[in-house]
Amino acid sequence: MTILVRTRFAPSPTGFPHVGSIRTALFAWLFARHHGGKFLVRIEDTDVTRKVKGAVAAILDGLSWLGLDWDEGPYFQSQRLELYHKAAEYLVSRGNAYYCYCSPQRLEEMRKEQVKRKVPPGYDRHCRNLSKTASPNLSGQKETAGITPVLRFKMPLTDQTRFQDIIRGNVVFKNSLMDDFVLLKSDGYPTYHLANVVDDHKMEITHVIRAEEWLPSAPRHILLYTALGYTPPQFAHLPLILGSDRSKLSKRHGAVSITEYRDQGYLPEAMLNFLGLLGWSLDDKTELFTQEELIKNFSLERVSKTAAIFNTEKLNWMNGVYIRQLSLDDFTQRAFPFLDKDLPPMMKRPLSVDYVRQITPLIQERAKLLGEVTQLSRYFFVEELDYDVNLLINKGMTCESTIQALEVTKERLRELETFDAETLEVLLRSLAEKLKLKAGQLFGALRTAVTGETATPPLFQTMAILGGERCLRRIEEALDKLKKLSV
RNA sequence: GCCCCCAUCGUCUAGAGGCCUAGGACAGCACCCUUUCAAGGUGUAGACAGGGAUUCGAAUUCCCUUGGGGGUACCA
């Protein structure tokens, strides 16, 4: 009998979807899909104070954007409180949990004291034996005095807890070093530990795939499963994603939310590919994967143990590869919203799709991000060019020789009947020769005159799209600038 | 401090005792192509953290040191 694989992605809605957490989702999803299992989404919203509005929608958007579809959920822990309370009661009845009346102040002082004395910090188990040693109605007294207790797990004082992590192998923790952690907070919500264990069991999760930061909690969870009479699932603790300074990737390192990457113009295919390779690899050479190939080849056995730095350079390269692979229509369609958003608002809308489609072939292989498209093609849209006159004067040329070259060119262009790239090339190459200029010198001056840039797509194609009229006008303007400079 | 995890080029990684004078990719550099910029091509530089042990033989196994990271909450 083969067991159906069930994995889950369990983010807390305390912020926007971090690429690290999305990478975790991706691996859990890939694992489920590879095994023909189920993938579910569960929102761990048990911290009322840290909830961020819009976070759930952003998380779900991020998943959908990458094509990570889920079979169940999203479940919300805040709607499942009863389940956790039942589990808590069970633990109390079995003597595996107890109420704790210690005030936050007392706990804080205790912690300070422990740090000062250099002993391992942790709850001192002050209330652990309260119900047995004190009078039976003590709890009643405390509660009427306005103290709402928390529920703590009664940690075994001896022995060790060990488990087999799929990625890390055998891991062992001493029970005596773990404190009696909180299961139920005084506001009635469960902590992560309780809710997570109860839900993973109830949802029949077979493989808990999560980041390494959870590794130290794993033994607590295993003890909880056991105390609850559950069979623990398999665990796979993924390596962390680090920022360039080797600390856990965070806002300080720049963009961390998957939605930010989307908005900058990264392609979901590229993002998926890149994230898939962060901590996992197939072999020593394959870099490019489609979603299907990722699913087909993914395995937890090939996930590395080492934390990985998020390498934006490589992401950019990969995104460029994916952009170049797009069909022209697809690229145009994807670039369009960026042009629409980034071009000056006073320009008339809607933008001409036909015109945009003339330009995109020239931009496609030059853009690494869709967000760069506007900047790379501005002069095709904006009438006014703003550039430094000196850029018109190329190496080995003077203001005068440039003026002369542009004057002649202008005249010749004016006589032209067909203003296409081939005609322009024939004309301008021979013209450069006649003017005794290197092709680059003439073309360079012309390029700046016509686009205001020193780096553009091939000149003749660019001019053809711009059209004769606009080119002549811009050459005229360039000449004006040059003449002002020479007086 | 204590606990846990990890350790191959700057970065992502391949490597599961001889195939390794350690392979690939990004980034770097050089050259080629070329009207500029890209793209592409060719080439180059660049790593097994250190020390022991096991073995005929170690990047690969074990131990120690060092380094890095994570955890240590009525946060997840």
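For the C1' atom pair drawn from B/G46 and B/U11, the interatomic distance equals 12 Å after rounding to whole Å. Using atom P as the reference point in both B/G52 and B/U60, the two lie 14 Å apart (nearest Å). Separating the P atom of B/U54 from that of B/C63 is a span of 15 Å, rounded to the nearest Å. Separation of the C1' atoms belonging to B/G28 and B/C20 is 25 Å when rounded to the nearest angstrom. B/A22 and B/G10 have their P atoms separated by 15 Å, with the value rounded to a whole Å.
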**Prompt:** What string of B, S and - do you get for nucleotides 2-12 of chain B, 5' to 3', when a contact is any protein heavy atom under 4.0 Å?
**Reply:** -SSBSS---BB
**Complete:** Once base and sugar-phosphate atoms are separated, protein heavy atoms under 4.0 Å mark nucleotides 34-47 of chain B, 5' to 3', with B, S and - as -BBBBSS-------
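Nucleic acid contact for A/Thr46: sugar-phosphate only, since backbone atoms but no base atoms lie under 4.0 Å from a heavy atom of the residue. Residue contacts shown for A/Lys438 are absent, as no nucleic acid heavy atom lies under 4.0 Å away. Within 4.0 Å of A/Arg220, counting heavy atoms only, lies no atom of the nucleic acid at all. When heavy atoms are screened at a 4.0 angstrom cut-off, A/Ser281 is found touching the sugar-phosphate backbone but no base atom. Across all strands, A/Val182 comes closer than 4.0 Å only to sugar-phosphate atoms, never to a base (heavy-atom distances).
Here the side chain of A/Thr191 is nearest to one of B/G71, B/U13, B/A76, namely B/A76.
Separating the CG atom of A/Leu288 from the P atom of B/C26 is a distance of 10 Å, rounded to the nearest angstrom. Taking atom CG of A/Leu107 as the reference point, atom P of B/U72 lies 15 Å away to the nearest angstrom. Atom pair A/Glu108:CD and B/U72:P shows a separation of 16 Å (rounding to whole Å applied).
Judged by the 6.0 Å and 45° rule, A/Arg23 forms a cation-pi pair with A/Phe27. In this structure, A/Lys296 fails the cation-pi test against A/Phe289, since its NZ or CZ atom is not both closer than 6.0 Å to the six-membered ring centre and inside 45 degrees of the ring normal.
Near-neighbour residues of RNA chain B inside residues 47-55 of chain A, defined by a heavy atom below 4.0 Å, number-ordered: A/Asp47, A/Arg50.
Residues passing the salt bridge (charged side-chain N to carboxylate O under 4.0 Å, His left out) test with A/Asp165, sequence neighbours excluded: none. Contacts of A/Phe153 classified as ring pair (Phe, Tyr, Trp, His ring centres under 6.0 Å), with partners at least two apart in sequence or in another chain: A/Phe181. With sequence neighbours left out, A/Glu365 forms a side chain to side chain contact (heavy atoms under 4.5 Å, CB included) with A/Arg324.
One finds no side-chain N or O of A/Lys112 lying less than 4.0 angstrom from the OP1 or OP2 phosphate oxygen of B/A73.
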